[in-house]
Amino acid sequence: MEGEPLLKVEKLRKHFGGVTAVHDVSFELRQGEFLGIIGPNGSGKTTLVNLITGFVKPDSGRVTYLGKNITGKMPYTIAGQGISRTFQMVRLFYNLPAYKNLIIPLSSPRVKKLRGGEYGERDDVAVDLLDDMGFERDSFVPYKMAGSLPHGYLKRLDLARAMALRPNLLILDELFSGMAMSEVASTLPLIEKFNAEGLTVIMIEHRLRELFRVVDRIFVLNFGEKIAEGVPKEVMESDAVKNAYLGSEIEET
Amino acid sequence: MTGIDATYRKKRLDRGIKVRSDSVFAISSYREILYLVLPRVVPVITLLVLPLILKGYWGKVLVFACMYGLLALSWDFLASCGLFSLGQSLFFGFGAYVAGTLSYYLHLTPAITLPIATLGGGLLSAALLSPVVRLRGVYFAMVTLMLPMLLMKMIEATGLVGGSHGLSALVPFHNEWISTYMAVVTFLVCLFGFRRLINEDYGLVLKAIRDDDRAVMSAAINIYWRKIQALFIAGAVGSFAGAFMTHHYQFVGMSAFALDYSILPVAAAALGGPGTFAGAALGSMILVPLSESLRALGGLRIALYCGVLIGSVILLPEGIFHYMERKYHQFETFVKVG
Ligand SMILES: Nc1ncnc2c1ncn2[C@@H]1O[C@H](COP(=O)(O)OP(=O)(O)OP(=O)(O)O)[C@@H](O)[C@H]1O
Ligand SMILES: [Mg+2]
């Protein structure tokens with residue numbers, strides 16, 4: 001079994017009308033790896049995540065996870081097998097207190113199974129999780145309505161929601177967009193810690209400096225196609241990437 | 001000028017005590033206990049005392065209101081997870097026909113038919129509607145609106161289970177006190193049970209499905225299975241009402257699938273205020289007696305009845321219960337301005 005990848009994506013393709021959002025993208029991911037995905041706006045990164053997590057059905061191609069074909073399965077089935085994601089546009093329940101948002105993943109059959117057949121005190125588990133994400137347990141913050149929290153907190157709440165499922169594979173879709181520098185600085189080590197503890201992570205990010213510090217490997221999407229792959233430094237030096245990013249944020253890094 | 005012409009402004013304050021957390025109650029005086037308990041105790045006592053006062057016709061109206069109340073509660077429960085039903089008569093009819101056939105062909109008493117019809121009706125409702133739980137909003141509503149009509153026509157065309165004549169001379173309740181109190185108590189249990197359930201984690205997930213089903217899916221929860229469970233619960237409640245009325249009338253016919261059983265519960269929930277169960281319950285307690293008392297007016301009854309509904313929706317779009325709840329939690333005082 002040595003060398004069997006955790007996730008194997010083969011020639012995934014998705015059209016939206018005339019737009020080819022994802023064009024024959026293939027890649028493999030080993031258990032415990034930290035993969036970065038970058039690409040200009042509209043290059044198909046979010047669509048790729050949606051294809052892997054079942055929110056969008058592919059036109060063709062195949063996704064294999066832990067040796068099982070999960071192509072086109074329902075999102076809850078895929079999440080139940082341990083692939084958890086955050087959303088670029090956070091999807092939360094704004095009229096619930098922050099910690100109550102976590103009750104939903106904590107009520108899932110997956111969590112019940114992992115906790116040995118019982119749910120335990122879900123409220124306590126939720127507050128613990130939020131505490132990990134920097135919502136001070138003894139403050140009012142975990143109990144505030146999600147709708148009243150600042151954007152950075154919402155992003156971290158979304159991360160807590162994804163982590164509540166105790167995933168094997170965590171996919172972060174621009175987690176840091178809209179976060180303050182200080183929040184990024186405190187959240188990034190957290191994700192590194194999860195990764196060090198064995199969690200496999202795919203991170204989509206426009207903040208390249210932070211991304212390059214943590215990932216093992218990156219690949220670059222452009223117009224839905226994978227144009228380069230490898231360790232960050234090499235990839236960024238390749239001509240294809242320079243052309244794709246011409247005039248965009250890469251210059252600043 | 002000041003002092004003489006001082007104007008007064010109405011000032012509203014929310015009450016001081018709020019029982020916020022689930023488990024910690026901070027109550028210091030009997031007034032505060034009353035404040036919390038009265039809104040629950042008064043309706044319970046009223047409903048338990050009413051059967052002693054109301055005799056004959058109005059006693060029957062009370063039973064009727066409780067059964068419509070169950071249909072309205074069932075409607076509100078489905079709405080809480082985003083399923084908008086226009087076919088409460090489907091649940092009612094299933095319960096009515098299960099109880100009716102068991103009673104007609106096997107001469108079973110209500111003690112046996114009611115539980116079977118409740119569970120069986122719930123199962124039938126969930127099974128029949130499970131293929132359409134993926135439909136949203138108006139599409140789901142349209143399917144539920146059509147199904148009872150379809151079943152009605154099928155019974156008429158095939159002549160099965162009594163056809164257009166129905167099944168009569170069914171086993172009656174042998175004691176009117178027992179049946180009346182069964183109606184009232186079931187209604188109350190369902191009302192408080194639903195209010196409880198919706199605030200548990202189970203209800204939280206249902207409401208979350210209504211608010212953002214994709215977010216719930218990403219939390220590894222099979223939203224369609226949850227909706228089917230909700231359909232079973234709502235179907236069982238509606239079926240109980242149908243089975244009860246079957247024994248009450250000692251008759252079941254195609255009218256069990258009639259549009260009235262679909263529309264009046266929605267109207268009751270709209271009048272009382274959806275989303276709280278108490279609103280749906282209150283709405284049926286108002287609408288059913290009202291529509292009965294207007295029966296004497298003949299054709300004009302419907303017009304008046306519609307007028308009341310339209311008026312209430314325009315004047316109090318939030319529903320009576322939400323309005324009462326808000327007022328109950330507010331002090332109003334007049335303060336001097338300027
Ligand atoms: N549901 C959809 N319907 C139609 N077109 C879509 C849909 N989702 C994405 N697209 C199109 O597919 C292309 C890729 O979009 P996608 O959101 O995957 O890009 P992205 O790399 O995540 O961009 P960004 O960096 O802005 O998040 C875009 O042209 C977008 O307009
Ligand atoms: Mg994106």
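Each chain gets a letter, A, B and so on, in the order its sequence line appears, and its residues count up from 1.
- Of residues 192-208 of chain B, those residues lying under 4.5 Å from chain A by any heavy-atom pair are B:Asp201, B:Leu204, B:Val205, B:Ala208.
- By a heavy-atom distance cut of under 4.5 Å, A:Met74, A:Pro75, A:Tyr76, A:Ala79, A:Gly80, A:Phe87 are the residues of residues 64-88 of chain A near chain B, going up by number.
- B:Asp211 CG to A:Leu96 CG: the interatomic distance, rounded to the nearest 0.5 Å, is 7.5 Å.
- Annotation for A:Ser108 and B:Ala219: closest pair CB-O, 3.3 Å, computed over non-hydrogen atoms.
- The closest side-chain heavy-atom distance from B:Asp212 to A:Tyr94 is not below 4.5 Å.
- Within a 6.0 Å radius of CZ in A:Phe219, more than 12 heavy atoms belonging to other residues, nucleotides or ligands are found.
- Near-neighbour residues of residues 119-142 of chain B relative to chain A, defined by a heavy atom under 4.5 Å from a heavy atom of that chain, comprise B:Arg134.
- The stretch residues 164-178 of chain A participates, sequence neighbours left out, in no salt bridge (charged side-chain N to carboxylate O under 4.0 Å, His left out) pair at all.
- Heavy atoms closer than 4.5 Å to chain B are found in the side chain of A:Phe93, but not in its backbone.
- Heavy-atom pairs under 4.5 Å with chain B were tallied for A:Ile103, A:Asn95, A:Asp158, A:Leu102; the largest tally goes to A:Ile103.
- We find the CZ-CG distance between A:Arg91 and B:Asp213 to be 8.0 Å, quoted to the nearest 0.5 Å.
- Closest of all the heavy-atom pairs between A:Leu165 and B:Ser218 is CD1-O, 3.5 Å.
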